**Student:** 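Here it is: the structure, laid out below.
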Amino acid sequence: MIDILQAPGVLIARGVCRHLRARGFAPVTEFVPARGLRVDVIALGPKGEIWIVECKSSRADFTSDRKWSGYLEWSDRFFFAVDPDFPVEILPDEAGLIVADAYDAEIVRLPEPTPLAGARRTALIRSFARAAATRLARLNDPDASI
């Protein structure tokens, strides 16, 4: 049986989240910004900025998934996070680049910001807050119907 918590993408996301928290961001994994989209990591920064990080565990993972371009309109900065052995030359240059393992990460390339419109930012922050609060409530009371 495969331990989902040890899956390569999950380990990359864990290191990314640790790094983002150290930078003052509040990350949430497996977040749905809009119907049909599910980002690996979204993080709310100390100044209200929103970063999205798509974790890719292999060349095949990257080449088979083109949904990531739909995430660009939901963040101020968009990154790919990969492990140290990933062939980074296949990633688009305009995206940010984070190299990560299960323990930490390093931002290798910071993308140019593409600021969100005010109304979209407000709606996204509300959705982010509800998702984070609901997950916390489930941890505190797993038997509740939330």
Side-chain angles (χ1 to χ4, degrees), residues 1-139 146:
M1 181 188 297
I2 297 174
D3 181 357
I4 189 70
L5 296 177
Q6 297 301 315
V10 172
L11 297 176
I12 292 169
R14 184 181 306 153
V16 166
C17 289
R18 287 178 176 185
H19 183 78
L20 291 174
R21 280 192 302 272
R23 292 177 67 108
F25 282 75
V28 170
T29 59
E30 303 294 322
F31 178 77
V32 177
R35 185 174 302 205
L37 298 177
R38 182 195 44 77
V39 302
D40 293 327
V41 179
I42 187 168
L44 180 61
K47 296 179 182 175
E49 64 268 43
I50 296 173
W51 290 6
I52 288 179
V53 182
E54 182 69 3
C55 300
K56 293 298 173 195
S57 59
S58 67
R59 177 187 293 268
D61 183 18
F62 174 72
T63 58
S64 68
D65 178 13
R66 291 295 178 197
K67 295 181 311 239
W68 63 265
S69 62
Y71 305 153
L72 300 175
E73 63 188 83
W74 295 95
S75 66
D76 295 307
R77 293 187 195 258
F78 176 81
F79 298 81
F80 284 104
V82 298
D83 71 27
D85 297 323
F86 190 92
V88 298
E89 64 277 358
I90 69 172
L91 299 173
D93 291 334
E94 63 274 11
L97 175 60
I98 299 173
V99 175
D101 60 21
Y103 303 100
D104 200 358
E106 179 182 349
I107 296 175
V108 175
R109 182 174 62 230
L110 193 64
E112 290 296 319
T114 55
L116 290 168
R120 175 159 287 184
R121 180 180 311 284
T122 299
L124 192 53
I125 289 173
R126 284 183 182 154
S127 180
F128 178 98
R130 290 184 54 80
T134 299
R135 290 178 190 188
L136 180 60
R138 285 186 182 138
L139 284 174
I146 298 172

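The structure displayed is predicted, hence computed values, not measured ones.
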**Student:** Please work out which of the three classes, parallel, tilted or perpendicular, describes the rings of F80 and W68, given edges at 30° and 60°.
**Tutor:** perpendicular

**Student:** Would you name the heavy atoms of A60 and S64 that are closest together and state the gap between them?
**Tutor:** O-OG, 2.8 Å

**Student:** Quick one: does E49's side chain have a donor or acceptor within less than 3.5 Å of a partner on K47's backbone?
**Tutor:**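 Confirmed, E49 side chain pairs with K47 backbone.
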
**Student:** Please determine whether a side-chain nitrogen of the Lys or Arg among K56 and D61 lies less than 4.0 Å from a carboxylate oxygen of the Asp or Glu.
**Tutor:**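 Counted as a salt bridge, because a side-chain N and a carboxylate O are separated by less than 4.0 Å.
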
**Student:** Quick one: does any side-chain atom of T134 pair with a main-chain N or O of R130 as donor and acceptor, under 3.5 Å?
**Tutor:**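 Confirmed, T134 side chain pairs with R130 backbone.
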
**Student:** Minimum heavy-atom separation for P27 to R21, with atom names?
**Tutor:**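 Closest pair (atom of P27, atom of R21, distance): CD-CG, 3.5 Å.
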
**Student:** How about I42 and S75: do any of their side-chain heavy atoms sit closer than 4.5 Å?
**Tutor:**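 Side-chain contact under 4.5 Å: no.
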
**Student:** Between F31 and I52, is the side chain to side chain contact (heavy atoms under 4.5 Å, CB included) condition met? List the steps.
**Tutor:** CA-CA 10 Å; F31 178 77; I52 288 179; over 6 Å; no

**Student:** Angle class for the F86/F62 ring planes (parallel below 30°, perpendicular above 60°, tilted otherwise)?
**Tutor:** perpendicular

**Student:** Hey, are the side chains of V16 and W51 touching, using non-hydrogen atoms and a 4.5 Å cut-off?
**Tutor:** no

**Student:** For G48, does its backbone N or O pair with a side-chain atom of R121 as donor and acceptor, under 3.5 Å?
**Tutor:**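 Checking the backbone N and O of G48 against the side chain of R121, a donor-acceptor pair under 3.5 Å is found.
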
**Student:** To check you understand the geometry: which heavy-atom pair defines the closest contact between S57 and G9, and what is its length?
**Tutor:**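 Closest approach of S57 to G9: CB-N, 4.0 Å.
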
**Student:** State whether the side chain of Y71 and the backbone N or O of V53 hold a donor-acceptor pair below 3.5 Å, judged by distance alone.
**Tutor:**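 Side chain of Y71 to backbone of V53: no pair is present.
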
**Student:** Would the distance check show the side chain of D76 and the main-chain N or O of L116 forming a donor-acceptor pair, the cut-off being under 3.5 Å?
**Tutor:**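 Yes; judged by distance alone, with no hydrogens or angles, the pair exists.
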
**Student:** Kindly determine whether V39 and W74 satisfy side chain to side chain contact (heavy atoms under 4.5 Å, CB included), including the steps that lead there.
**Tutor:** CA-CA 10 Å; V39 302; W74 295 95; over 6 Å; no

**Student:** For R77 and P111, indicate whether the former's side chain and the latter's backbone hold a donor-acceptor pair under 3.5 Å.
**Tutor:** yes

**Student:** Heavy atoms only: give me the nearest D40-C55 pair and the separation to one decimal.
**Tutor:** OD2-N, 2.8 Å

**Student:** Walk me through whether L91 and L97 qualify under side chain to side chain contact (heavy atoms under 4.5 Å, CB included).
**Tutor:** CA-CA 9 Å; L91 299 173; L97 175 60; 3.7 Å; yes

**Student:** What's the verdict on side chain to side chain contact (heavy atoms under 4.5 Å, CB included) for I125 and I50, showing C-alpha distance, side-chain angles and the deciding distance?
**Tutor:** CA-CA 8 Å; I125 289 173; I50 296 173; 3.9 Å; yes

**Student:** Please give me the minimum heavy-atom distance between I12 and D83, naming the atom from each residue.
**Tutor:**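 Heavy atoms only, the tightest pair is CD1-N, 3.8 Å.
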
**Student:** Would you compute the distance between atom NE2 of H19 and atom CD1 of I98 and round it to the nearest 0.5 angstrom?
**Tutor:**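 H19 atom NE2 to I98 atom CD1 measures 6.5 Å (nearest 0.5 Å).
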
**Student:** Thinking salt bridges, do R120 and E73 make one under a 4.0 Å N-O criterion?
**Tutor:**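 Looking at E73 together with R120, the answer is yes, because their closest N to O distance falls below 4.0 Å.
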
**Student:** Quick check against the 3.5 Å criterion: does R109 have a side-chain atom that pairs as donor or acceptor with the backbone of D93?
**Tutor:** yes

